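To start, I am sharing the structure in question, which I have written as structure tokens.
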Amino acid sequence: MISRGFLGRRRPAEVENRLSPGQYLVTDWPVLSAGPTPHTPLDKWSFTMDGLVRKPVTWSWDDFQKLPTQTYTVDISCVTKWTKLDMTWLGVSVDTLLEAVQVDPAGKYVMAYSDGGYTTNVPLEEMTKGQAFVAYQFGGKPLEPVHGGPARLVVPHLYFWKSAKWIRGLRFMDKNEPGFWEQLGYHIHGDPWKEERYSGD
Ligand SMILES: Nc1nc2c(c(=O)[nH]1)N[C@H]1C(S)=C(S)[C@@H](COP(=O)(O)O)O[C@H]1N2
Ligand SMILES: [Mo]
């Protein structure tokens with residue numbers, strides 16, 4: 001006989017299959033920040049695409065709000081082993097942002113940069129085709145400052161450190177330069193399904 005209590009604690013396979021190796025499920029939303037939460041007023045906020053582009057582009061907050069948005073419901077995995085399912089964001093696809101700039105063919109790598117100096121690197125081909133977005137709402141409300149508001153990058157298919165909070169821009173590069181955590185020993189790529197946690201994994 002299998003007790004009711006045992007069955008009650010079991011998770012359906014549908015949920016289990018959404019957890020990448022070594023991860024556990026959370027229902028809360030932990031805060032992980034390497035420094036203090038910046039509080040940039042919206043009238044001082046801007047978003048810039050620069051580096052290997054024909055001409056850099058900068059949006060003000062008001063202009064950024066005019067860009068077409070999409071709702072994304074995604075599962076997020078942090079390298080500290082928590083996974084949160086079905087997180088619902090409103091954001092601007094990186095594909096939409098890319099329509100405004102002409103990236104040099106050599107600019108195959110992206111450095112996302114944030115208020116406070118945080119950076120993280122992602123290959124450009126992993127930010128296109130709906131794979132990444134700049135979110136400014138979560139659960140139908142403005143994104144809270146501790147979670148990266150006014151706006152953060154979200155790259156759901158990579159560990160959450162790639163989702164730069166307080167994002168201010170994307171810089172296009174010809175080399176896959178390591179960002180903040182990548183320089184401190186985190187994996188250059190960070191695919192949770194391959195458990196790319198630390199350099200050498
Ligand atoms: N600017 C900035 N972005 C950041 C971080 C940070 O310290 N600064 N931490 C990263 C890490 S390690 C994780 S796990 C997630 C945590 O996001 P959360 O605090 O909203 O859960 O943000 C990522 N983006
Ligand atoms: Mo993290």
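Remember, predicted model here, so these are calculated numbers, not experimental data. Counting convention: from 1, in listed order, for ligands and their atoms alike. Computation of the quantities below employed the complete heavy-atom set of this structure, encompassing side-chain atoms and omitting hydrogens, waters and symmetry-equivalent molecules. For reference, positions follow the sequence shown, starting with 1.
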Please set out all donor-acceptor pairs under 3.5 angstrom arising from side-chain atoms of residues 26-39, sequence neighbours excluded.
| from | atom 1 | to | atom 2 | distance (Å) |
| --- | --- | --- | --- | --- |
| Trp29 | NE1 | His147 | ND1 | 3.4 |
| Ser33 | OG | Lys165 | NZ | 2.8 |

Examine distances only and state if a side-chain atom of Arg168 and a backbone atom of Ser46 form a donor-acceptor pair shorter than 3.5 Å. yes
Taking only Lys NZ, Arg NE, NH1 and NH2, and the carboxylate oxygens of Asp or Glu, determine whether Lys55 and Asp50 approach each other closer than 4.0 Å. no
Between ligand 1 and the protein, give all atom pairs where both partners are nitrogen or oxygen and the distance is under 3.5 Å, as lines of names plus distance to 0.1 Å.
| from | atom 1 | to | atom 2 | distance (Å) |
| --- | --- | --- | --- | --- |
| ligand 1 | 1 (N) | Lys165 | O | 3.0 |
| ligand 1 | 3 (N) | Lys165 | N | 2.8 |
| ligand 1 | 7 (O) | Ala34 | N | 2.7 |
| ligand 1 | 9 (N) | Leu32 | O | 3.2 |
| ligand 1 | 17 (O) | Arg152 | NH2 | 3.1 |
| ligand 1 | 19 (O) | Leu32 | N | 2.9 |
| ligand 1 | 19 (O) | Lys165 | NZ | 2.6 |
| ligand 1 | 20 (O) | Trp29 | NE1 | 3.4 |
| ligand 1 | 20 (O) | His147 | ND1 | 2.7 |
| ligand 1 | 20 (O) | Arg152 | NH1 | 2.7 |
| ligand 1 | 21 (O) | Trp29 | NE1 | 2.9 |
| ligand 1 | 21 (O) | Pro30 | O | 2.7 |
| ligand 1 | 22 (O) | Arg152 | NH2 | 3.1 |
| ligand 1 | 24 (N) | Ser163 | O | 3.1 |

Parallel, tilted or perpendicular, as decided by the 30° and 60° cut-offs, for the rings of Tyr72 and Phe133: parallel
Within 45° cone and under 6.0 Å: Arg197 NZ/CZ vs Tyr159 ring: no
Parallel, tilted or perpendicular: ring planes of Phe64 versus Trp59, cut at 30 and 60 degrees: perpendicular
